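What follows is one structure encoded as structure tokens, with my remarks underneath.
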Amino acid sequence: MSISTHKVTLWLIAHKYIVLIIGVISLSLAMVAVSLQLYHASGTAQLDLSHPQYRSLRESIQRDQKGTLFSSNGEMSQTVVDEFLSAYDLETLKIKNYNAYGGDPLSDAQLGIE
Amino acid sequence: MSATALLPSVILYTAAASVVVFAVSLFPSVDAQVQSEVPIEAGALSAEKQAKITQDCTRLQATLTQLNANDALTRVNVGQDYEVVASRLMAPFNSRVALNRLDSVQLATITSRYETARQAFSSRYQIYDQSLRSLQQIDCTSEPAEFYAELLTARESRRAVNESVGALNGLIDEYRTAAAGVFTQEDSTPANAEDKSA
């Protein structure tokens, strides 16, 4: 072992708690930074309604809405197609009823700043 | 300089770098900050409109907060429904059609376009959400012009989201038509024509 390595080892032993604390804090900050980047970049932030301002809306979330699972196996006949279409219509009707992001609530008229 | 003397500096620099990275990460991603591709309409802010914004600032902020909450809820619910349609209906139906040696090319093509539209919807909503949040952060009492400029951006971003919803709904209808005519398509496939002639 060289002299400088020995000195480093001695220094680390002498300041092991400080080194440990700084190391742990640095590592955790770096990991939190990466996590937050992923949180925003992946679009998860837009699906996260756990923020305090969404408290009143949480009950309106459709939980575990798995819908009908159409079987990928079996024969094909007009009856099967009709069954599929009725399940499909049922599911897609919900989407259409939302009229998502329709209207213009950000217009001057709607905001009352005409 | 010995390695012993350098070590505390290295540790301090690492800690400082981590703090900087952490602080940067608190800001939304660069992708989310990309503004809408739709050009902002030229909207001059008249003195009268400026005065209205300043006077009604509190009410406007409350309206935006409510809109943000409602739109976020819609995003979650509609996103879930779009996912259900893709994974529990379209994908299994496509498989079943293919396993029965029927023509599933058109269905697969529409499904692929649907997935692309879903991604576009997601990214456009991300842009809109970021725009609306930026708008909420502007103090409309002291900065009505900046507020209005950001309002125009948010308005266009929301229209873009609505266009994505329209595109997805169009593809849903298109898929339904294709699924309903799956036997008609089968009759016209070359493989089936060969079977019939044989």
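None of the values given here were measured: they were computed from a predicted structure. Naming: A, B, ... by sequence-line order, numbering from 1 per chain.
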TODO: Using ring-ring contact (aromatic ring centres under 6.0 Å, His included) as the criterion, list what pairs up with A/Phe70, not counting sequence neighbours.
DONE: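 Only A/Phe84, B/Phe93 meet the ring-ring contact (aromatic ring centres under 6.0 Å, His included) criterion with A/Phe70.
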[X] versus chain A, heavy atoms under 4.5 Å apart: side chain, backbone, both or neither?
| X | result |
| --- | --- |
| B/Asn94 | neither |
| B/Leu89 | both |
| B/Asp129 | side chain |
| B/Leu64 | side chain |
| B/Tyr128 | side chain |

- [ ] Please round to the nearest 0.5 Å and tell me the distance separating atom CG of B/Asp56 and atom CD1 of A/Ile113.
- [x]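 Interatomic distance, B/Asp56 CG to A/Ile113 CD1, rounded to 0.5 Å: 9.0 Å.
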Open item on the list: More than 12 heavy atoms of other residues, nucleotides or ligands under 6.0 Å from CD of B/Glu48: yes or no?
Closed with: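 No - once you tally the heavy atoms of other residues, nucleotides and ligands closer than 6.0 Å, there are 12 at most.
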Task: N-O pairing of B/Arg158 and A/Asp104 below 4.0 Å - done: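 The answer is no: the pair does not qualify as a salt bridge.
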Task: Ion pair check, B/Asp173 and A/Lys96, cut-off under 4.0 Å - done: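 Salt bridge: yes.
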Open item on the list: Counting heavy-atom pairs under 4.5 Å with chain B, which one of A/Asn99, A/Asp89, A/Asp82 comes out on top?
Closed with: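 The answer is A/Asp89.
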- [ ] Count the heavy-atom pairs under 4.5 Å between each of A/Gly74, A/Ser35, A/Ala87 and chain B, then report the option with the highest count.
- [x]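 Among A/Gly74, A/Ser35, A/Ala87, the one with the most close pairs to chain B is A/Gly74.
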Considering all heavy atoms, the nearest [X]-[Y] contact:
| X | Y | result |
| --- | --- | --- |
| A/Glu91 | B/Val85 | CG-CG2, 3.8 Å |
| A/Leu85 | B/Ala179 | CD2-CB, 4.1 Å |
| A/Val81 | B/Phe183 | CG2-CE1, 3.7 Å |

- [ ] Keeping the roles fixed (side chain from A/Glu75, backbone from B/Asn100), state whether a donor-acceptor pair exists under 3.5 Å.
- [x]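 No.
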- [ ] Using a 4.5 Å cut-off on heavy atoms from C-beta on, say whether the side chain of A/Thr92 contacts that of B/Tyr175.
- [x]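 Not touching, per the 4.5 Å side-chain cut-off.
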Task: Side chains of A/Tyr98 and B/Asp81 in contact at under 4.5 Å (non-hydrogen atoms) - done: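 When only atoms from C-beta onward are counted, B/Asp81 and A/Tyr98 do touch, with a gap below 4.5 Å.
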